[in-house]
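Values reported hereafter were calculated over all heavy atoms of this structure, with side chains retained and with hydrogens, waters and symmetry mates removed. Here is how names work: the chains are called A, B, and so on, in the same order as the sequence lines, proteins then strands, and each is numbered from 1. Note that this is a predicted model, so its numbers are computed, not measured.
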Amino acid sequence: MSTDETASPLDFIRTIVADDLKTGKHESILTRFPPEPNGYLHIGHAKAICISFGIAQDFGGCTNLRFDDTNPIKEEQEYIDAIKRDITWLGFDWDEREYYASDYFQQLYEWAIQLIKAGKAYVDDQTADEIRHTRGTLTEPGIPSPWRDRCAGESLDLFERMKKGEFPDGSRVLRAKIDMAASNINMRDPVMYRILHATHPRTGDQWCIYPMYDWAHGQSDSIEQITHSLCDLDFENHRPLYNWFIEQLGIFPSRQIEFARGNITYTVTSKRKLLELIEKGKVTGWDDPRMPTLSGLRRRGYTPESIRGFWRTVGIAKRENNIDVAMLEHCLREDLNRLAMRVMGVLDPIKVVITNYPDDLVEEMDAINNPEDESAGKRKIPFCRELFIERADFMEDPPKKFFRLAPGREVRLRYGYWITCQEVIKDDAGDVVELHCTYDPQTRGGDAPPDGRKVKGTIHWVSARHAVDAQVRLYDHLFSAEDPTDVPNGGDWLDNLNPDSLDVKTCCKLEPSLADAKVGVSYQFERLGYFCVDEKDSQPGVLVFNRTISLRDTWAKMQKKKKG
RNA sequence: UAGCCCGUGGUGUAAUGGUAGCACACCUGGUUUUGGUCCAGGCGGUCCUAGUUCAAGUCUAGGCGGGCUAGCCA
């Protein structure tokens, strides 16, 4: 894995890092991953994690985990725990380097005083509204606050009293004194501190002034001596400010480098929108298997390696992108194909009676566990007179290219026998309820008979007398639009929700070995796809499986093309 | 509208100024006791216009197109 990475050309960030190491600018590198604990991590965060942890790893450096907990109103301990669990699951390790921006509140406070004394920050008594209106616009410069030139002593006193809690929320802020006419609006005297009488998950009621992102982030990077602070393009406009604070303070110069976040077709990755899906009951929670959250993907059956491999093949650049979700699915199948145990299960059963097979006979057939891994060995599956096959594997009036079972047609039962359909039993409504077939004893195990007969199709099956029952949940893309946020004006992005994203199959019949299927293990139900036990809803005896992803299905593709 | 950033096949991403490559997707064919996997082949691209140069995806200028930014969010 790492040899692959070093062999391929370096992306632009790795090029910078390699150069910094080569020129001796840094002896070693240190990156950081700075989640805000206000939501669950999703596939987009996984990109940032793979980049920050992955690059450090490639160059023998380390990565700090630092929670950006500067807004007590939105942040919760539950999220901190979930984030740590997800990063670990993804396969990365921050050792003991778990930090919090709130660890630095005291240092930040002291640095703020230093800037006030140096005439580079001041307390502004304007309301939020006034500040907004005097900030100017994209084309017009801002108007200086009437408090901009008050003396350092007064600001110092006011700032001290802000900290003590003498003033209500929103009554005053501390602002950096930079340039109200700057073309970059972030430089127009940005707010450094606001008053928030809120209880912080970690610092409790110790503080009632909280630093803004711009004032906290770069300084936290510097305190930790982060060499390369990697973030997404949204922060590009903040870099001048990031550098300004560091220069004014004369502290360790961390360097911020931005890359484009990765968008994926048919999915949304915005915490706000994901939260909305949950709150409006469109999904069951952060870990709904249709969610692009790491907890959702995990529950769905995605492997960490497949997600890392995905971001590795996608690469890093600065241009806007919308990655075909098929790429993600490809990486998933690639990994699952390698490791999944093969089993047989019938999702939509139709009964088959083999009329010339002894009623009291049960044979144990040999089945290969994983053709991609010989060491996975073999298992026995029971075969008897009554079986279930997939309803879709039978057609009464099949088209030419249909290779499966039909009246008078012979097919192979995988690892079983070759059978021929002799009779179709229907109910009063005309629906097929049972098939009567005959088998050829010379085809045991599915082998070809000595007469050289050929068969076009091989289908899967389960012994009706030995099958275990299960519920199986089939998932499709959560959205039916390639870009779910692309809404004709006046429309709602939720209108793009795919009404068929969940299909629950309740009468599934699985081979007996699945009775003790384990959570966290992927199984390939042959010819159908990859499945896993649902970690929440499955009970011993009441099995619930999630379909992680279907197998590539050229037959289904042909059908779809025909239709439309 | 101002500043910053970005334009390479359908998608994603490469190419010291020197043969535009790789992956996915798509299309063929082969193997196959999974219509899976695997294997072989194919389709398809440098936003435009000038300029510099023996040579431009790459450098220069001007266009055009897209993204971000006017939170006391991060």
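- Distance check on atom C1': B:rG9 versus B:rG17 gives 23 Å, rounded to whole Å.
- Atom name C1', nucleotides B:rC73 and B:rG65: the rounded distance is 31 Å, in whole Å.
- Between A:T313 and B:rU13 there is no side-chain polar atom (N or O) within less than 4.0 angstrom of OP1 or OP2.
- Summarising the geometry of A:V455 relative to A:E410, their closest heavy-atom pair is CG2-O, 2.8 Å, with the distance given to 0.1 Å.
- Within the 4.0 Å cut-off from OP1 or OP2 of B:rG35, not a single side-chain nitrogen or oxygen of A:R412 is found.
- When each of A:D324 and A:I316 is assigned the nucleotide of RNA chain B with its nearest heavy atom, A:D324 is the one assigned upstream, toward the 5' end.
- Atom CE of A:M327 is separated from atom C1' of B:rC26 by 14 Å (rounded to the nearest Å).
- Rounded to the nearest Å, the gap between the C1' atom of B:rA55 and that of B:rA15 is 16 Å.
- Here B:rA74 is the nucleotide among B:rA74, B:rA14, B:rG36 with the atom lying nearest to any side-chain atom of A:T70.
- Comparing atom distances between the A:N71 side chain and each of B:rU34, B:rG12, B:rC73 picks out B:rC73 as nearest.
- If you check every strand for non-hydrogen atoms under 4.0 Å, A:I131 touches a base.
- To the nearest angstrom, P of B:rG71 lies 17 Å from CG of A:L196.
- The distance from atom CE of A:M212 to atom C1' of B:rA74 is 9 Å, rounded to the nearest whole Å.
- One finds a side-chain N or O of A:R552 lying less than 4.0 angstrom from the OP1 or OP2 phosphate oxygen of B:rU37.
- Residue A:R319 is classed as a base contact, given a heavy-atom separation below 4.0 Å to a base.
- No contact: A:P34 has no heavy atom under 4.0 Å from any strand.
- Using a 4.0 Å heavy-atom cutoff across all strands shown, A:T554 reaches sugar-phosphate atoms only and no base atom.
- Within the nucleic acid shown, A:V191 comes within 4.0 Å of sugar-phosphate atoms alone, with no base atom in reach, counting heavy atoms only.
- Residue-nucleotide stacking is not present for A:Y213 and B:rA74, judged by a side-chain ring centre under 5.5 Å from the six-membered base ring centre and planes under 30° apart.
- Rounded to a whole Å, the CG atom of A:D234 is 19 Å from the P atom of B:rG66.
- Heavy atoms of A:D447 sit under 4.0 angstrom from at least one base atom.
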- Decide yes or no on side chain to side chain contact (heavy atoms under 4.5 Å, CB included) for A:S102 and A:W207, but give the supporting numbers first. CA-CA 10 Å; A:S102 56; A:W207 298 86; over 6 Å; no
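- Taking 3.5 Å as the limit, the base of B:rG36 and the side chain of A:E372 contain a donor-acceptor pair of atoms between them.
- Atom C1' of nucleotide B:rC73 and atom NE2 of A:H238 are separated by 10 Å, given to the nearest angstrom.
- Looking at every heavy atom in both residues, A:L332 comes nearest to A:S306 through CA-CB, 3.6 Å.
- Using modelled atom types, one finds no donor on one side chain facing an acceptor on the other under 3.5 Å when comparing A:E329 with A:Y302.
- A:Y415 comes within 4.0 angstrom of a base, heavy atoms only.
- Residue-level contact check: A:R342 touches the bases, meaning some heavy atom is under 4.0 Å from a base atom.
- Taking side-chain N and O atoms only, A:R132 has no distance below 4.0 Å to OP1 or OP2 of B:rA70.
- Summarising the geometry, the separation between CG on A:D373 and C1' on B:rU34 is reported as 17 Å, rounded to the nearest angstrom.
- Note on A:R14: every side-chain N or O is 4.0 Å or more away from OP1 and OP2 of B:rU13.
- The residue from A:Q256, A:R32, A:H238 that alone fulfils the side-chain hydrogen bond (donor to acceptor under 3.5 Å, both in side chains) condition with A:H217 is A:R32.
- Between A:D553 and A:F12, the residue anchored closer to the 5' end of RNA chain B is A:F12, taking for each the nucleotide with the nearest heavy atom.
- Under the Watson-Crick or G-U wobble criterion, with both distances below 3.5 Å, B:rA50 is paired with B:rU60.
- In plain terms, the two heavy atoms of A:F245 and A:A176 that are nearest each other are CE2-CB, 4.0 Å.
- Contact record, A:R172 with A:F167: NH2-CE2, 3.3 Å, taken as the closest heavy-atom pair.
- Taking atom CD1 of A:I459 as the reference point, atom P of B:rG35 lies 10 Å away to the nearest angstrom.
- The same atom, C1', is picked in B:rC27 and in B:rG10; the two are 13 Å apart, to the nearest Å.
- Close to B:rC27, at under 4.0 Å from its OP1 or OP2, lies a side-chain N or O of A:K561.
- B:rU34 is unpaired under the Watson-Crick or G-U wobble criterion, no partner having all donor-acceptor distances under 3.5 Å.
- The P atoms of B:rU49 and B:rC64 are separated by 15 Å, rounded to the nearest whole Å.
- For A:L138, counting side-chain heavy atoms from C-beta on, the closest listed nucleotide (B:rG35, B:rU1, B:rG12) is B:rU1.
- Glycosidic conformation of B:rG9: anti, with the torsion beyond 90° of 0.
- Look at B:rU1: it lacks any Watson-Crick or wobble partner with both distances under 3.5 angstrom.
- The aromatic rings of A:F383 and A:W461 sit perpendicular, their planes meeting at an angle over 60°, well past the 30° parallel limit.
- Closest approach to the A:I185 side chain among B:rU34, B:rA70, B:rG12 is made by B:rA70 (side chain taken as heavy atoms from C-beta onward).
- Residue A:S183 is in sugar-phosphate contact alone, with no base atom involved, counting any heavy-atom pair closer than 4.0 Å across all strands shown.
- Within 4.0 Å (heavy atoms only), A:T265 reaches no atom of the nucleic acid at all.
- Side-chain atoms of A:F402 lie closest to B:rG35 of the nucleotides B:rG35, B:rU37, B:rC72.
- The same atom, P, is picked in B:rC72 and in B:rC5; the two are 25 Å apart, to the nearest Å.
- As judged by a 4.0 angstrom heavy-atom cut-off over every strand, A:I323 is placed among residues touching the sugar-phosphate backbone only.
- A donor atom on one side chain and an acceptor atom on the other are found under 3.5 Å apart for A:E511 and A:S513.
- Within the 4.0 Å cut-off from OP1 or OP2 of B:rA23, not a single side-chain nitrogen or oxygen of A:R312 is found.
- The distance from atom CG of A:N237 to atom P of B:rU69 is 8 Å, rounded to the nearest whole Å.
- Nucleotide B:rG21 forms a pair with B:rU13, judged by Watson-Crick or G-U wobble geometry with both contacts under 3.5 Å.
- A distance of about 28 Å separates the C1' atoms of B:rC6 and B:rU19, rounded to the whole Å.
- Contact annotation for A:Q524: base contact, defined as any heavy-atom pair under 4.0 Å involving a base atom.
- Contact check, A:K271 against B:rC73: no side-chain N or O comes under 4.0 Å of OP1 or OP2.
- At most 12 non-hydrogen atoms from other residues, nucleotides or ligands lie less than 6.0 angstrom from CH2 of A:W147.
- Using a 4.0 Å heavy-atom cutoff across all strands shown, A:H460 reaches no nucleic acid atom at all.
- Contacts of A:E334 with the nucleic acid, taken as non-hydrogen atoms under 4.0 Å apart, are absent.
- Using atom P as the reference point in both B:rG3 and B:rA61, the two lie 15 Å apart (nearest Å).
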